[in-house]
Amino acid sequence: MSEYTIVASVDEVQDGSTRLVEVDDRLVILSRIGDDYYCIDDICTHDGGTLSDGPHEGCEIACPRHGARFDLRTGKALSMPATQDTASHQVKVENGSIMIRLNES
Ligand code: FES
């Protein structure tokens, strides 16, 4: 399993925002919802669309290609045409730094 990687400071990520970050050569989406931070893969499980290019609102992000929606907190697929969840990853905050550790997948 990988180690935690610092990707941003808490001051840089506003509530309700997402940002694309790279961890261990993998592009992932960091999001902040309230005071909590989450991370999912930047990959739509329908046909590999780039989720970070899609619109997001609340806890959901939509794939810009065919509109499948995913939960930013868990990676759960919420609507067709996606039927499989995208991967989610570990996030923690230490000393004002947001850190991500990739899950195996
Ligand atoms: S590639 Fe994302 S909905 Fe089709």
Side-chain angles (χ1 to χ4, degrees):
M1 183 173 286
S2 67
E3 300 298 316
Y4 278 95
T5 300
I6 296 174
V7 295
S9 72
V10 293
D11 297 338
E12 296 174 318
V13 184
Q14 303 304 310
D15 183 13
S17 71
T18 63
R19 67 163 54 193
L20 188 63
V21 298
E22 185 173 338
V23 178
D24 297 344
D25 299 324
R26 184 165 171 167
L27 292 173
V28 294
I29 300 171
L30 169 68
S31 61
R32 177 177 172 182
I33 300 169
D35 289 331
D36 297 315
Y37 299 87
Y38 302 94
C39 179
I40 64 172
D41 268 356
D42 187 32
I43 299 172
C44 176
T45 56
H46 173 236
D47 194 29
T50 304
L51 289 178
S52 58
D53 289 339
H56 66 93
E57 184 172 352
C59 300
E60 297 183 6
I61 193 165
C63 178
R65 289 186 60 200
H66 313 107
R69 292 179 293 107
F70 292 84
D71 192 318
L72 285 165
R73 299 166 297 181
T74 61
K76 182 175 179 53
L78 300 174
S79 70
M80 295 294 278
T83 57
Q84 292 187 316
D85 300 344
T86 198
S88 62
H89 304 287
Q90 305 299 310
V91 184
K92 69 176 181 179
V93 176
E94 277 186 6
N95 301 321
S97 295
I98 304 168
M99 308 169 79
I100 291 174
R101 182 173 71 187
L102 299 182
N103 286 327
E104 302 287 337
S105 61

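This structure is a prediction, so every number in the text was calculated from the model and none was measured. Counting convention: from 1, in listed order, for ligands and their atoms alike.
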Checking the side chain of [X] only, and the main-chain atoms of [Y] only, is there a donor and an acceptor separated by less than 3.5 Å?
X	Y	answer
Asp71	Leu78	no
Thr45	Ala82	no
Arg101	Asn103	no

Exercise. What distance separates Asp42 CG from Leu20 CG, expressed to the nearest 0.5 Å?
Worked result: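 Asp42 atom CG to Leu20 atom CG measures 5.0 Å (nearest 0.5 Å).
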
For this session: Determine whether more than 12 heavy atoms belonging to other residues, nucleotides or ligands lie under 6.0 Å from atom CG of Asn95.
Result: no

Exercise. Who passes side chain to side chain contact (heavy atoms under 4.5 Å, CB included) against Asp24, sequence neighbours left out?
Worked result: Ser2, Thr5, Leu102

For this session: Tell me how many protein N, O or S atoms are closer than 2.8 Å to atom 4 (Fe) of ligand 1.
Result: 2

